[in-house]
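Below is one structure, written out as structure tokens; comments come after it.
Below, chains carry the letters A, B, ... as their sequence lines are ordered, and counting in each starts from 1.
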Amino acid sequence: MLELSFIRSNKERVIQGLKTRNFTDENLKVVDEILALDEVRRNSQTELDNNLAESKQLSNEIGGLYKQGKREEADSMKEQVARLKEQSKELESRMKEAVEKIEELLLGVPNIPHESVPVGTTADDNEVFKAWENPLPDLGPDALPHWELAKKYNIFDLDLGVKLTGSGFPVYRGKGARLERALINFFLDEATNAGYEEIAPPLMVNHDTAKATGQLPDKEGQMYYVERDDLYLIPTAEVPVTNLYRDVIVDEKDFPIKLTGYTPCFRREAGSYGAHVRGLNRVHQFDKVEIVQIAHPDSSYEQLNQMLAHVSGLLDKLELPYRILRLCGGDMGFTSALTFDFEVWSAAQKRWLEVSSVSNFETYQSNRLKVRFKDGKQTRLAHTLNGSALALARIVAALLENNQTPEGIQIPEVLKPYTRFEMID
RNA sequence: GGAGAGGUGGCCGAGUGGUCGAAGGCGCACGCCUGGAAAGCGUGUAUACUCCAAAAGGGUAUCGAGGGUUCGAAUCCCUCUCUCUCCGCCA
């Protein structure tokens with residue numbers, strides 16, 4: 001959520017930002033609407049405060065009069081207080097109404113894009129920030145997509161998942177399960193070595209938590225919900241991990257706070273069908289290691305670069321061809337100010353698969369989270385950032401496809417200490 | 001699931017209707033003292049909104065949450081919620 005005070009003093013910047021997000025003139029009216037309501041709110045608040053101050057003072061005087069036994073004087077003052085109270089009620093409801101309406105409108109306003117965000121409406125308009133310079137692997141016509149490889153080597157099984165749960169819940173087995181575990185450990189170790197503290201969070205969260213990182217209300221339909229206990233299954237570790245710092249005033253010298261966590265991720269996403277969602281390309285449950293940072297506003301973009309370098313390093317070590325995209329205004333997530341997507345080349349499907357999304361949310365998320373720090377006397381919102389490092393299912397898909405040989409599937413060097421086998425055959 | 005106890009500031013803890021944003025202690029910060037430190041002494045130490053061009057300084061709200069009684073609520077009443085203890089069940 002944008003800060004109201006920011007909109008108040010940076011109206012033009014907000015409007016420009018929303019234009020990058022392809023807001024029409026009609027949609028842009030929301031800004032004026034918010035500012036008008038803010039005016040109403042502040043006026044009623046000032047009036048209300050004065051009113052309450054007066055009642056308070058009168059009440060104290062009444063107390064004094066009673067002690068002196070001046071009953072009649074006191075009683076007439078009571079009437080005054082009663083009248084003020086009437087007015088206060090009215091003012092309060094007017095204020096409350098404005099506050100609620102502002103909140104509602106504010107929830108509909110996305111984050112202001114960073115100045116480097118390219119204009120555009122769809123994924124086609126994303127900028128290739130870092131291309132893959134080397135030739136892409138060519139496996140020839142016999143290359144099998146990962147779902148065929150899964151059958152051939154019995155490493156994961158989607159049909160069994162259907163039996164147990166439903167479509168989109170893969171069962172990994174044998175070396176497939178080991179590979180999964182190896183990748184998780186590899187990613188966690190890498191993050192730890194890069195200075196991230198490992199967190200093992202709950203996989204279910206309450207309403208407040210889901211709201212603070214922005215999953216509620218905008219993405220309610222994407223989450224699995226346990227009605228009986230009013231809990232949501234997490235769609236990403238970002239949710240519980242970032243919420244660790246909800247309502248916390250951070251000590252400035254602790255910046256940047258760097259956290260990592262492995263969790264399964266649960267996503268309902270009723271999406272498109274066909275080849276794009278086959279196999280592990282899009283599933284309802286997948287494993288992911290997430291990195292999260294809470295940073296000082298002055299250095300959050302440095303930290304973002306550091307996160308890009310970290311994710312790049314992982315893909316380099318796994319020897320996977322990848323490229324980095326800078327998302328355009330139309331494709332960027334609602335809450336993000338700047339997002340880079342990592343895509344890995346899947347050699348049998350011959351297409352790029354998104355495996356990581358690294359974003360700086362600036363204060364958009366921290367405004368709801370109320371993650372703050374002291375800047376002198378002032379309390380300011382911190383910046384939050386996060387990124388996948390990395391999402392497993394698609395990495396597995398690409399590893400299987402790219403590394404297939406007639407003898408079997410080669411395990412990248414760096415993973416061998418983790419899998420403790422060299423080949424899936 | 002059953003029974004009971006309890007939620008007060010960063011922490012501990014006092015406060016059962018009147019000027020209480022809240023005693024006291026601890027912690028923390030700064031200063032004095034000291035060769036330096038400790039001790040000691042002094043000062044300060046919540047958050048949000050708001051008024052003011054800003055600073056200084058005001059105002060309002062907040063004692064788990066919401067509602068009620070009252071001129072006046074941390075204190076009384078109601079609802080909800082969370083935590084703890086005991087019992088039951090259980091990886």
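- A straight line from CG of A:Asp208 to C1' of B:A65 spans 11 Å, rounded to a whole angstrom.
- Using the six-membered ring where Trp is involved, A:Tyr224 and A:His284 have ring planes that are perpendicular, over 60° apart on the 30 and 60° scheme.
- If you check B:C28 for Watson-Crick or wobble pairing at under 3.5 angstrom, you find it paired to B:G44.
- Remark on RNA chain B: of its neighbouring residues A:Ile62 and A:Lys89, the 5'-side contact belongs to A:Lys89, judged by nearest-heavy-atom nucleotide.
- Base-pair partner of B:A37: not found among the strands shown (Watson-Crick or G-U wobble, both distances under 3.5 Å).
- Pair assignment for B:A56: none, as no Watson-Crick or G-U wobble contacts are both less than 3.5 Å.
- The shortest distance between side-chain heavy atoms of A:Leu48 and A:Gln87 does not fall below 4.5 Å.
- Legend: side chain to side chain donor-acceptor pair (under 3.5 Å) pairs involving residues 182-204 of chain A, not counting sequence neighbours, sorted by first then second residue: A:Asp189-A:Tyr418, A:Glu190-A:Lys317, A:Tyr196-A:Gln293.
- Here A:Phe187 and A:Tyr262 keep their ring centres 6.0 angstrom or further from each other.
- Base-pair partner of B:A23: not found among the strands shown (Watson-Crick or G-U wobble, both distances under 3.5 Å).
- Nearest-nucleotide mapping onto RNA chain B: of A:Asn60 and A:Glu92, the residue sitting toward the 5' end is A:Asn60.
- For the C1' atoms, the distance linking B:G10 with B:G4 amounts to 31 Å, nearest Å.
- More than 12 heavy atoms of other residues, nucleotides or ligands sit less than 6.0 Å from atom NZ of A:Lys416.
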Determine, stepwise, if the pair A:His146 / A:Glu401 fulfils side chain to side chain donor-acceptor pair (under 3.5 Å). CA-CA 6 Å; A:His146 66 274; A:Glu401 294 183 13; 2.8 Å; yes

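- The same atom, C1', is picked in B:G17 and in B:C77; the two are 13 Å apart, to the nearest Å.
- Phosphate contact (OP1/OP2 of B:A48, side-chain N/O of A:Lys370, threshold under 4.0 Å): absent.
- Applying the Watson-Crick and G-U wobble criteria (two distances, each under 3.5 Å), B:A91 pairs with nothing in any strand.
- Pair check for B:C80 finds B:G64; Watson-Crick or G-U wobble, both atom distances under 3.5 Å.
- Base-pair partner of B:A73: not found among the strands shown (Watson-Crick or G-U wobble, both distances under 3.5 Å).
- At the phosphate of B:U50, OP1 or OP2 sits under 4.0 Å from a side-chain N or O atom of A:Arg8.
- When heavy atoms are screened at a 4.0 angstrom cut-off, A:Ser55 is found touching no nucleic acid atom at all.
- For A:Glu115, the CD atom is loosely surrounded, since the number of other residues' heavy atoms within 6.0 Å does not exceed 12.
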Report, as a single string ordered 5' to 3', how protein heavy atoms within less than 4.0 Å touch nucleotides 55-61 of chain B: B base, S sugar-phosphate only, - not at all. -S--BSS

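- For the C1' atoms, the distance from B:G24 to B:A14 is 7 Å, rounded to whole Å.
- For A:Tyr66, whose side chain is taken as the heavy atoms from C-beta onward, the closest listed nucleotide among B:G18, B:U70, B:U47 is B:G18.
- Applying the 4.0 Å criterion to OP1 and OP2 of B:C49, one finds that A:Arg41 has every side-chain N and O outside that range.
- Residue contacts for A:Arg372: at a heavy-atom cut-off of 4.0 Å it reaches the sugar-phosphate backbone alone, with no base atom in range.
- Rounded to a whole angstrom, the distance from the C1' atom of B:C41 to that of B:U34 is 13 Å.
- Side-chain proximity of A:Thr46 to B:C51, B:G67, B:U47: nearest is B:C51.
- Counting any heavy atom pair closer than 4.0 Å across all strands shown, A:Lys374 reaches sugar-phosphate atoms only and no base atom.
- For an aromatic pair to be called close, the ring centres must be under 6.0 Å apart, and A:Phe373 with A:His296 satisfies this.
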